[in-house]
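Residue numbers count from 1 along this sequence. No hydrogens, no waters, no symmetry mates; every other heavy atom, side chains included, goes into these values.
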Amino acid sequence: QGKQKKARKYAVMKRMISLRDERIPQHPSCLFFQYNTQLGPPYHILVDTNFINFSIKAKLDLVQSMMDCLYAKCIPCITDCVMGEIEKLGQKYRVALRIAKDPRFERLPCMHKGTYADDCLVQRVTQHKCYIVATVDKELKRRIRKIPGVPIMYISRHR
């Protein structure tokens, strides 16, 4: 009977591109001021739906904790898509809706069709690089990291 081979066949194994490959544009994330000269205080922060929900769970005052993080004046901005997303979540997220309707938050109108907030935020950040994106969503963070010069703010360990 014999023992089966444990080595993978060459054609079956998927080949990964090395991160050092010349075809991939390299932009160090620590130097985003070098790529983004529009960024400066007062900071305009694009807030995502789940960032508001996580800040409620972590019992954080949104504007105050943003100022503590950046040591500067912060203007949280909410797009119509994010507002629509919070309204769709219903009665369970009424606290998040009340926070989003805070007069300190700046409302940004959307001109595109549909209300998918992630696409809206990525599109806005690509056009105008004067924003910091506040999100906890892993998929959205992965998409924004591909755009050089856009910092990401997130909540971890209740801060």
Inset, instruction - Could you pull out the closest heavy-atom pair between A96 and N53, with the gap in Å? - result: CB-OD1, 3.4 Å
Legend entry - CG on L140 to CG on D118, rounded to 0.5 Å: 4.5 Å
Inset, instruction - Going by the side-chain contact (heavy atoms from CB on, under 4.5 Å) test, name the single residue among I86, D61, I56, I78 that passes it with I99. - result: I56
Legend entry - Atom pair CG (L97) and NZ (K92), whose distance is rounded to the nearest 0.5 Å: 15.5 Å
Inset, instruction - Determine the sole option in Q64, R104, M66 for which the side-chain contact (heavy atoms from CB on, under 4.5 Å) test with C74 is passed. - result: M66
Legend entry - Which atom of I155 lies closest to which atom of A58, heavy atoms considered: CG2-CB, 4.5 Å
Inset, instruction - Could you pull out the closest heavy-atom pair between V63 and F105, with the gap in Å? - result: CG2-CE1, 4.0 Å
Legend entry - V82 to D48 - nearest heavy-atom pair and separation: CG1-C, 4.1 Å
Inset, instruction - Could you tell me whether K88 and E85 have a side-chain N and a carboxylate O separated by less than 4.0 Å? - result: no
Inset, instruction - May I ask you to test the L70-M153 pair for a side-chain heavy-atom distance under 4.5 Å? - result: yes
Inset, instruction - State, yes or no, whether a side-chain contact exists between Y131 and V150 at a heavy-atom distance under 4.5 Å. - result: no
Legend entry - K129 and I147, any side-chain heavy atoms less than 4.5 Å apart: yes
